Amino acid sequence: TVGNTVIIGMHWRTTTASLEQVTGSGGKTFDIYAQGCNGTGTCSAIVLCLNCAANTTITPTFSATTKYDLTVAQATGVSWVGISNFATGSSTTPGTTTTTGDANNYIVTATASGGTANPTSETGTLLEANNTGSTGVAGALVSNTSASAGSVVTTATIVTGIVTGK
């Protein structure tokens, strides 16, 4: 929807490729807020487009050929984006804990894991989950909020992987 914020979780499975840019069919280049890979080559990134034009396709550009999947959500009323977290691990319920400075701030976490099953939400609201099937990368976007300033936790249930949070 025109004017909304588009939130993308990019997920890929190789340490030789990094995410260079993401563009939408509406003509805008999105902002890459956090990206990284764990030791087993599962990678993820959080990508945002504030006050976005209407998009029917989203196209990522990587530094090398890789299989990927993406999860997409949109939000209304976003006026500012702040804190970034990044973590790696091999937990079955990875996530992030972020301390907010204001009440009712939303935290969105992108998870990626090796595997062919869609992740599920453990703590927070599952915005979207997806997987590439036999090429073995799965990802999710999970959000959470708190009525008061303080720690907000988002986690997803996956096999193993990397988590980036926004």
Side-chain angles (χ1 to χ4, degrees), residues 1-38 40-86 88 94-96 105-121 124-145 154-159 161-166:
T1 304
V2 173
N4 283 355
T5 296
V6 176
I7 306 160
I8 302 170
M10 293 293 309
H11 322 100
W12 64 100
R13 187 151 180 148
T14 177
T15 56
T16 61
S18 61
L19 182 62
E20 293 184 332
Q21 136 178 322
V22 177
T23 55
S25 58
K28 187 166 183 177
T29 299
F30 295 20
D31 296 314
I32 300 170
Y33 273 80
Q35 73 171 304
C37 301
N38 70 4
T40 63
T42 304
C43 306
S44 70
I46 289 276
V47 181
L48 296 174
C49 179
L50 294 168
N51 194 24
C52 214
N55 290 287
T56 55
T57 60
I58 297 169
T59 306
T61 302
F62 290 92
S63 61
T65 301
T66 186
K67 299 287 186 185
Y68 68 89
D69 97 334
L70 55 95
T71 49
V72 181
Q74 64 178 327
T76 59
V78 176
S79 60
W80 187 77
V81 176
I83 303 167
S84 291
N85 287 337
F86 178 81
T88 64
T96 59
N105 285 164
Y106 276 86
I107 304 301
V108 177
T109 297
T111 68
S113 65
T116 57
N118 283 350
T120 58
S121 179
T125 302
L126 181 67
L127 300 174
E128 186 177 21
N130 202 359
N131 70 77
T132 60
S134 62
T135 57
V137 63
L141 281 175
V142 180
S143 71
N144 206 354
T145 188
T154 53
T155 59
T157 300
I158 63 174
V159 176
I162 186 172
V163 180
T164 57
K166 189 71 188 147

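The residues of the chain are indexed from 1 along the displayed sequence. Keep in mind it's a predicted model, so treat the numbers as computed, not measured.
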So, for A75 and I7, which heavy atoms are closest and what is the spacing to 0.1 Å? CB-CD1, 4.4 Å
Donor-acceptor contact below 3.5 Å, side chain K67 vs main chain T14: no
If you take all heavy atoms of P119 and A138, which pair is closest and at what distance? CD-CB, 3.9 Å
Once rounded to the nearest 0.5 Å, what's the spacing between atom CG of L50 and atom OG1 of T5? 4.5 Å
For T57, what residues pass the side chain to side chain contact (heavy atoms under 4.5 Å, CB included) criterion, not counting sequence neighbours? S25
Looking at every heavy atom in both L19 and A45, which two are closest together, and how far apart are they? CD2-CB, 3.8 Å
Please report the closest heavy-atom contact between N51 and K28, naming both atoms and the distance. O-NZ, 4.2 Å
Within the 4.5 Å heavy-atom criterion, are V6 and V72 side-chain neighbours or not? yes
In Å and rounded to the nearest 0.5 Å, what is the CG to OG1 distance from N144 to T154? 7.0 Å
Side chain to side chain contact (heavy atoms under 4.5 Å, CB included) partners of A73, counting only residues at least two apart: L127, L141
How long is the straight-line distance from CD1 of I32 back to OG of S18, given to the nearest 0.5 Å? 8.0 Å
Considering only residues two or more places apart or on different chains, which pairs with a residue in residues 6-29 satisfy ring-ring contact (aromatic ring centres under 6.0 Å, His included)? W12-F62
Which heavy atom in G24 sits nearest to a heavy atom in F30, and how many Å separate them? N-CE1, 3.7 Å
Go through the structure and list residues passing side chain to side chain contact (heavy atoms under 4.5 Å, CB included) with L126, not counting sequence neighbours. S121, A129, A140, V142
One should read off an interatomic distance between D31 CG and C49 SG, to the nearest 0.5 angstrom, of 7.5 Å
Once side chain to side chain contact (heavy atoms under 4.5 Å, CB included) is applied, do any residues pair with T23, and if so which ones, sequence neighbours excluded? Q21, T29, T59
Between S63 and A17, what is the shortest heavy-atom contact and its length? OG-CA, 3.4 Å
Rounded distance [0.5 Å steps], OH in Y33 versus CG in L48: 5.5 Å
CD (E128) and CG (L70) are apart, to the nearest 0.5 Å, by 7.5 Å
Could you work out, with side-chain hydrogen bond (donor to acceptor under 3.5 Å, both in side chains) as the rule, every residue matching T71, not counting sequence neighbours? none
